[in-house]
Enquirer: 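This is the structure I want to talk about, given as structure tokens.
Keep in mind that the numbers below use all heavy atoms, side chains included, and drop hydrogens, waters and symmetry copies.
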Amino acid sequence: MTSHASTTTAAVHTDDLIRARYRDPEVTSLRLRSPTIDLQLAHRSVRAFLDAPVSDDQLTSIIAAAQSASTSSNLQAWSVIAVRDDARRSRLADLAGGQEFVRCAPLILVWLADIGRATRLAAGRRSVLGASDYLETTILGFVDATLAAQNAVVAAESLGLGATFVGAFRNHPDQIAAELALPDQVFATFGLAVGSPDPTESAGIKPRLPQSVVVHHETYDAKRDAGVDDYDGRLRSYNEEHSRTAGWIDAVLARLADRQSLKGRDELRRHLGGQGLPSR
């Protein structure tokens with residue numbers, strides 16, 4: 001996973017938000033709207049934060065929203081570590097490729113695929129969990145953590161905060177596990193930087209692929225890729241407004257070019273096995 005995130009703009013009309021989200025002259029409004037949809041459309045990446053803490057009350061509300069996400073078979077196979085300590089945030093930033101926003105955010109939430117809790121419960125009852133070694137169980141933990149974290153982002157945005165996902169925590173998972181004292185069968189899936197957005201940051205609502213590309217009806221239709229070229233130009237225009245030059249296609253191809261482009265994550269299965277999740 002790469003970095004993503006957001007703030008809300010209550011005064012902005014839904015039509016303005018949908019235009020910003022797609023930058024497509026054929027998509028200028030939504031027939032159905034709600035405050036929740038407006039909040040989600042206003043989602044943007046926030047990588048610059050004010051020097052203001054995230055309060056305990058804010059954190060409690062964010063986690064309550066996270067725990068309200070769907071979870072497979074109610075296994076709740078995730079946990080989260082709230083990191084506020086300056087020195088620890090700095091060390092996490094170093095492990096995440098030196099990304100400065102990780103160092104500067106007042107709160108880092110590290111989302112964990114947590115199969116260890118069920119295993120410890122089984123041990124306490126002298127039971128055996130034979131299914132915990134399989135890939136399905138690892139995926140289940142990752143999915144549960146991701147659903148919870150996305151709920152947390154929407155909740156944070158509703159409180160006027162911004163948040164950015166940090167996939168680079170998977171670059172050095174062994175060191176992350178040591179830093180956070182993770183037990184067996186617990187794996188750091190990604191981080192989330194949370195704080196009050198700095199209004200001077202150059203950022204906006206990043207356009208997404210058109211629905212004509214991502215929505216298939218009944219069966220998959222690869223011909224829908226035809227709409228990607230127009231989107232590539234729209235994203236390039238957005239990036240130029242924020243002093244960047246890349247379109248979408250080149251960025252995707254570069255990100256998936258070879259093992260080196262994965263920045264150490266090509267060893268993820270080995271790291272999972274070392275953390276007690278063989279995923280066979």
Side-chain angles (χ1 to χ4, degrees), residues 1-25 27-30 33-52 54 58 61-62 65-66 69 93 96-97 99-109 111 146-169 190-211 213-214 231-248 251-252 255:
M1 180 178 298
T2 54
S3 303
H4 312 291
S6 86
T7 61
T8 61
T9 313
V12 178
H13 191 273
T14 305
D15 289 353
D16 296 323
L17 294 171
I18 198 70
R19 291 188 192 101
R21 180 55 71 202
Y22 289 110
R23 292 200 173 199
D24 184 341
V27 181
T28 59
S29 64
L30 291 178
R33 60 171 295 184
S34 72
T36 301
I37 291 173
D38 283 359
L39 177 67
Q40 292 171 315
L41 288 173
H43 172 85
R44 73 166 182 85
S45 293
V46 174
R47 294 182 177 85
F49 301 95
L50 298 177
D51 185 18
V54 176
Q58 288 173 318
S61 293
I62 289 168
Q99 297 184 80
E100 194 62 22
F101 74 88
V102 178
R103 205 180 317 275
C104 296
L107 173 66
I108 301 295
L109 296 176
W111 299 88
T146 303
L147 293 175
Q150 182 59 31
N151 258 29
V153 169
V154 176
E157 293 169 0
S158 76
L159 298 175
L161 300 170
T164 296
F165 285 107
V166 188
F169 280 9
F190 46 78
L192 187 70
V194 183
S196 297
D198 183 343
T200 67
E201 180 186 19
S202 176
I205 296 174
K206 185 177 292 185
R208 297 291 199 242
L209 284 165
Q211 292 192 16
V213 171
V214 302
Y231 169 71
D232 188 73
R234 290 194 285 269
L235 183 62
R236 189 179 300 275
S237 296
Y238 167 87
N239 283 336
E240 288 172 352
E241 293 170 9
H242 300 284
S243 303
R244 297 186 291 270
T245 57
W248 187 71
V252 169
R255 178 64 178 79

Enquirer: Measure across Val166 and Ala193 and return the closest heavy-atom pair with its distance rounded to 0.1 Å.
Expert: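 Minimum heavy-atom separation between Val166 and Ala193: CG2-N, 4.3 Å.
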
Enquirer: Sequence neighbours left out, what passes salt bridge (Lys or Arg N to Asp or Glu O under 4.0 Å) with Arg19? Give chain and number order.
Expert: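 Only Asp16 meet the salt bridge (Lys or Arg N to Asp or Glu O under 4.0 Å) criterion with Arg19.
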
Enquirer: Is the backbone N or O of Tyr22 less than 3.5 Å from a side-chain atom of Arg234, with the two atoms forming a donor-acceptor pair by type?
Expert: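 The answer is yes, because a donor-acceptor pair under 3.5 Å joins these two groups.
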
Enquirer: Under the side-chain contact (heavy atoms from CB on, under 4.5 Å) rule, collect the residues that match up with Leu30, sequence neighbours excluded.
Expert: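 Scan of Leu30 (side-chain contact (heavy atoms from CB on, under 4.5 Å), adjacent residues dropped) gives Thr14, Ile18, Ile37, Leu41.
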
Enquirer: Can you confirm whether Arg208 sits close enough to Trp248 that some side-chain heavy atom of one is under 4.5 Å from a side-chain heavy atom of the other?
Expert: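 Result no, sub-4.5 Å side-chain heavy-atom pair not found.
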
Enquirer: Quick check for you: to the nearest 0.5 Å, what is the distance between Gln40 atom CD and Ser158 atom OG?
Expert: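 If I round to the nearest 0.5 Å, the distance is 11.0 Å.
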
Enquirer: What's the separation between atom CD in Glu240 and atom OG1 in Thr245, rounded to the nearest 0.5 Å?
Expert: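 Here the rounded value is 7.5 Å.
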
Enquirer: Measure across Ala155 and Ala65 and return the closest heavy-atom pair with its distance rounded to 0.1 Å.
Expert: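 Between these two residues, the closest heavy atoms are CB-CB, 3.5 Å.
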
Enquirer: Kindly determine whether Gln211 and Val27 satisfy side chain to side chain contact (heavy atoms under 4.5 Å, CB included), including the steps that lead there.
Expert: CA-CA 10 Å; Gln211 292 192 16; Val27 181; over 6 Å; no

Enquirer: Looking only at heavy atoms, which two atoms of Phe49 and Gly162 are closest? And how far apart?
Expert: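 What the structure gives for the nearest pair is CE2-O, 3.7 Å.
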
Enquirer: Shortest non-hydrogen contact from Ala152 to Ala66?
Expert: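 So the two residues come closest at CB-CB, 4.1 Å.
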
Enquirer: NZ of Lys206 to CG of Leu235: how many Å apart, nearest 0.5 Å?
Expert: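 One finds 6.5 Å between NZ of Lys206 and CG of Leu235.
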
Enquirer: Atom CG of Leu161 and atom CG of Leu107: how far apart are they, to the nearest 0.5 Å?
Expert: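 Taking CG in Leu161 and CG in Leu107, the distance rounds to 9.0 Å.
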
Enquirer: Tell me the closest heavy-atom pair linking Gln99 and Ala168, and the distance in Å.
Expert: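 For Gln99 versus Ala168, the nearest heavy atoms are NE2-CB, 3.4 Å.
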
Enquirer: Would you say that Thr164 contacts Phe101 through its side chain, given a criterion of any heavy-atom pair below 4.5 Å between the two side chains?
Expert: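 Result yes, sub-4.5 Å side-chain heavy-atom pair found.
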
Enquirer: Measure the CZ-OG distance between Arg244 and Ser202 for me, rounded to the nearest 0.5 Å.
Expert: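 Going from CZ on Arg244 over to OG on Ser202, the span is 7.0 Å.
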
Enquirer: For Tyr238, what residues pass the ring-ring contact (aromatic ring centres under 6.0 Å, His included) criterion, not counting sequence neighbours?
Expert: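 Per chain and number, Tyr238 pairs via ring-ring contact (aromatic ring centres under 6.0 Å, His included) with His242.
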
Enquirer: What are the two closest non-hydrogen atoms of Ala69 and Leu147, and how far apart are they?
Expert: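 For Ala69 versus Leu147, the nearest heavy atoms are CB-O, 3.6 Å.
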
Enquirer: Assign the ring pair Phe165 / Phe190 to parallel, tilted or perpendicular, where the plane angle (0 to 90°) is split at 30° and 60°.
Expert: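 Phe165 and Phe190: perpendicular rings.
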
Enquirer: Could you tell me the separation between the CG atom of Asp51 and the CG atom of Asp198, rounded to the nearest 0.5 Å?
Expert: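 Output value for this atom pair is 10.5 Å.
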
Enquirer: Under the 3.5 angstrom rule, does the side chain of Arg47 hit a backbone N or O of Glu100 as a donor-acceptor pair?
Expert: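 It does not hold such a pair.
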
Enquirer: Is there a donor-acceptor pair closer than 3.5 Å between any side-chain N or O of Asp232 and the backbone N or O of Gly247?
Expert: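 Flag not set: sc Asp232 to bb Gly247 has no pair under 3.5 Å.
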
